[in-house]
Amino acid sequence: MGLYLNPGYDGFEEIRRDIYLDKTGLIVFINSLIGKPKPLVCFSRPRRFGKTFDADMLCAYYDRTCDSRFLFEDLEVGGSDDFATYINKYNVISFDMTGFISDARDHKTNVLDEMQQALLEEIREAFSGCVDEKETSLGKALYAVVARGNAKFVFVIDEWDALFREFKDDRQLQEDYILFLRGIFKNKDRTKKTIAAAYMTGILPVKKFGTESALSDFKEFTMAEPLILSRYVGFTEDDVRLLCEAYHVDYEEMKQWYDGYSFEDEKSVYSPNSVVSAINYNTFRNYWTQTETFESLKRYINENYDGLKDAIILMLGGQRVKIDISTFQNDITSFENKDDVLTLLIHLGYLAYDHATKEVYVPNREVAEVFQSAVRGGKWSKVEQAINESEKLLEATLNEDEGAVASALELIHEECTSSLKYNDENSLACAIYIAYFTARNYYMMVRELPGGKGFADYAFIPARGTDKPAMMIELKWQKDADTAMKQILDNRYHGVLKDYFGDLILVGINHDKDATGKNAKKHSCVIRKIRV
């Protein structure tokens, strides 16, 4: 057992002792590629989405120097036709690029030299006499080992893109790194004889130079397009239901906090680390600010691209924004427009992407709180002020202070949507969402919840343990607040809260031009409390 060569099953054995969900279908998929052209996979996902767990799982399954059947026989892969064909049949080379970067900095050496030397040393030691002492090419060394009758290799590379993130401005080093990887995987004849399969994972997809992928032989699966691997991106709806039942956790609250990533084949996907942390600590909260990418988020959302700030405000306001993800170069510096920044935020996990509509959005309450922290200060001061004042606005609403609510919304609408198209209900809805931002501490806030004969623009459903009444808000543009209230009562919107009994606050809000006819944002509000 080595550090990089055939690391054994210890890592996966530890994972199985903790909260574990079966994701070995990923092994079944990789097994289906073995023996076929280009059995190479790059599956990129954000921090804390289980990438390292998958790497440990693959090492444990393929490593020929151990017997790991007992870890897999009761899992999905254990029932597959190819289970016995591939388990413990290959030499595995597994490494995390961040480790080589750290060693290179400690030793003041080139990171690629550090990596080549470390890998070649282990290979020479394990396969004595197979590799010439003067050989400096890893690809040629692997070929020499297999040519002597040894098993083929499976590569498992974690944080493959760390070099692009850590040395973001060193284009020469980046190109040298790509050439190094090509030397292993691009030589078709040698690769076919040497590599059984390869699995790379990281935050970013494979780097593009221009419009071309730098490693075109790899099958790519990303947060924007996970394709058939969507159920392995994170925890699925069924996964989370099972965990909530097993550990007696409130499923609806778990969903509100951590659901929101959605793909064509998997409509609800959760961040695994957040779900497991909520179970282990028995607390629903934001766990994202503990990741290294949080500081980056603050920098990226302040990039000076036309339309970026407006897009962020709209998404903080619960709306979606259309983008073009095709121009993104899969690095953290080559931005040409706001869409490139927003695409990076998809890959970092701070935004979710709807492939069908080509729209991005803030996926859930947890990530919304991350944005709340990230907009503090700088050019976001007005948004920050609105969020900070949202607790007072909620209290004014619950106290039925119509004048205070109208005045506060008028100010927030003016400051937070100053450059947006504000004379419509969508703009007002955006302002409402930001204005009541902290209400999510007490409520599940739902946009256009079906009810009675129509739709409520916003429903505030009390969370468990809160003593606050439910609320429903209806929005109107260029009508009047009484019309909004009449629509609530006529359509019996309060019927959506069929399991709720107690006080219900009904709020009608209208946004209109002022008496001068200008586009000033004049707001009116009517509030009524009823008992259901």
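All values below come from the heavy atoms of this structure, side chains included, with hydrogens, waters and symmetry mates left out.
A donor-acceptor pair under 3.5 Å is absent between the side-chain atoms of K152 and the main chain of Y90, judged by distance alone.
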Query - Pair E245-R241, salt bridge (charged side-chain N to carboxylate O under 4.0 Å, His left out): steps then yes or no - result: CA-CA 6 Å; E245 183 178 346; R241 285 184 184 276; over 6 Å; no
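Using bins of under 30°, 30° to 60° and over 60° for the plane-to-plane angle, the ring pair F335/F328 lands in the parallel bin. In this structure, W160 and Y177 have parallel ring planes: the angle between them is below the 30° cut-off, well short of the 60° mark. Under the 30°/60° scheme for interplanar angles, the aromatic rings of Y433 and F437 are found to stand perpendicular.
Residues meeting the ring-ring contact (aromatic ring centres under 6.0 Å, His included) test with Y20, sequence neighbours left out: F12. Take D331 and apply the salt bridge (Lys or Arg N to Asp or Glu O under 4.0 Å) test, not counting sequence neighbours, and it matches K207.
The two residues Y300 and I332 come nearest to each other via the heavy atoms OH-CB, 3.4 Å.
Residues Y305 and D340 have side chains that never bring a donor and an acceptor to within less than 3.5 angstrom of each other.
Within the cation-pi definition used here (under 6.0 Å to the ring centroid, within 45° of the axis), R105 qualifies as a partner of F167.
Looking at Y199, F185, Y4 one by one, the single match for ring pair (Phe, Tyr, Trp, His ring centres under 6.0 Å) with F155 turns out to be F185.
Atom CD of E125 has 12 or fewer heavy atoms from other residues, nucleotides or ligands within 6.0 Å.
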